[in-house]
Amino acid sequence: MNNENIIEIRELKKSFENGTIKALDGINLEIKRGEYVSIIGPSGSGKSTLLNMIGALDRANEGEIKVAGYDLSKMRDLNRFRSQEIGFIFQLHNLIPNITVLENVEIPMYEINYSSKEMRKRAMELLEYVELLDKMKRKPTALSGGERQRVAIARALANNPSIILADEPTGSLDSRTGQMILQRLKSLHEKENVTLIMVTHDMNVASMAERTIEVLDGKIVQN
Ligand SMILES: Nc1ncnc2c1ncn2[C@@H]1O[C@H](COP(=O)(O)OP(=O)(O)O)[C@@H](O)[C@H]1O
Ligand SMILES: [Mg+2]
C-alpha cells in the first residue's frame, strides 16, 4: 500500500437481492490521507453503498478494499477498525432520541478505553466545538435540524477518527444551516488533517472539495 493513500480500492463489487442488483460494479479508487473528496452521482448509483464499504458497515462480494492500513476484505472483526478510524455522519443524524445530547456524543467512546470521567470531558469539549454545550442536557427531539446535525458531527469526532464519511449531511437542512455544517467539516479537514469524504447531490457543495468523484451505475466515471 502506498503510504500516502489512506484508501485503496480495486475492482470492488457489491450486489443485493441474490446478485440481481449490482450496486457496485468494479470500483477502483485511491484517496490520499488528509484529502477532501466529494462523491456525486444520481440517486441509486451506488454512492451510499460505496461509503458503507469504506466504513465497513457492510462487506463487499468481490475485490480489494484497504483503509487506513486495514485489509477490510480479509478481516473478520471490523468493529475495532470502525471504532478507531471512522466517523460517520448521515443525512438524518441518527441520534438516539431518548438519551441526552451529551450521552449521544459519548457513545462512540464506549468502544475505546476511556473512563467515564474522560468520556464526559471529551464529549463536553466536542459540544463546545460545535457550539452546543449549553444544550448538552437536552434530548435530540428538543433541537432544531441544524443543531442535531452539529451533535452528529460532535459524535462523529468522539473517537478521533482519521476518516470522516458524510452521506448527504446537509440534505435535510435549509441552505444557511447547511453552509454552517459544511464550514465546520471543512475546517476539520484543514486544521486536523482529517480525510473527509462527502456524498452530495448538490454541485455547489461538491465544488468545495479538492476532488470530485462521479459514480454512475456502480462505476466511477470521472476521478
Ligand atoms: N440493503 C439493500 N438491499 C437491496 N438493495 C439495495 C440495498 N442498498 C442499496 N441497494 C440498491 O443498490 C443500488 C445503489 O444504492 P445506493 O448505494 O443507496 O445509491 P445512492 O446512495 O447513490 O442513491 C440501488 O439500486 C439500491 O436500490
Ligand atoms: Mg445514498
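Atoms within each ligand, like the ligands themselves, are counted from 1 in listed order.
Annotation for ligand 1: atoms under 4.0 Å from non-hydrogen atoms of Ser43 are 23 (O). Which parts of ligand 1 touch Glu17 is read off a 4.0 Å heavy-atom cut-off, strictly below it: atoms 4 (C). Interface atoms of ligand 1 facing Pro42, defined by a heavy-atom separation under 4.0 Å, are 22 (O).
By heavy-atom distance, the residue among Ile40, Asp58, Thr49 lying nearest atom 17 (O) of ligand 1 is Thr49.
Checked by distance only, ligand 1 and Gly44 come closer than 3.5 Å through their nitrogen or oxygen atoms. The shortest N/O to N/O separation between Gly46 and ligand 1 falls below 3.5 Å.
Heavy atoms of Gly218 come nearer than 4.0 angstrom to ligand 1 in no pair at all.
Between Ser38 and Thr200, the side chains place no donor N or O within less than 3.5 Å of an acceptor N or O (distance only, hydrogens not considered). Donor-acceptor pairing under 3.5 Å is lacking for the side chains of Ser83 and Asn159.
Atom CG of Asn113 sits in a sparse spot, with 12 or fewer heavy atoms from other residues, nucleotides or ligands closer than 6.0 Å. Within a 6.0 Å radius of CD in Glu128, other residues, nucleotides and ligands contribute 12 heavy atoms or fewer. Within a 6.0 Å sphere centred on CG of Asp217, heavy atoms belonging to other residues, nucleotides or ligands number 12 at most. The local environment of CZ in Phe16 is crowded, with over 12 non-hydrogen atoms from other residues, nucleotides or ligands closer than 6.0 Å.
Ranking the protein heavy atoms by distance from atom 6 (C) of ligand 1 puts Phe16 CD1, 3.3 Å first. The protein non-hydrogen atom at the shortest distance from atom 26 (C) of ligand 1 is Ile21 CG2, 4.7 Å. Among all protein heavy atoms, the one lying closest to atom 12 (O) of ligand 1 is Ala23 CB, 3.4 Å. Annotation: atom 18 (O) of ligand 1 to nearest protein heavy atom, Ser48 CB, 3.7 Å.
Judged by distance alone, with hydrogens and angles left aside, the side-chain atoms of Ser73 form no donor-acceptor pair with the main-chain N or O of Glu64 at under 3.5 Å.
Distance check for Ser48 against the Mg ion (ligand 2): an N/O/S atom falls below 2.8 Å.
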Quiz item: Can Arg122 and Glu118 be said to form a salt bridge (charged side-chain N to carboxylate O under 4.0 Å, His left out), step by step?
Solution: CA-CA 6 Å; Arg122 176 149 178 80; Glu118 284 168 327; over 6 Å; no
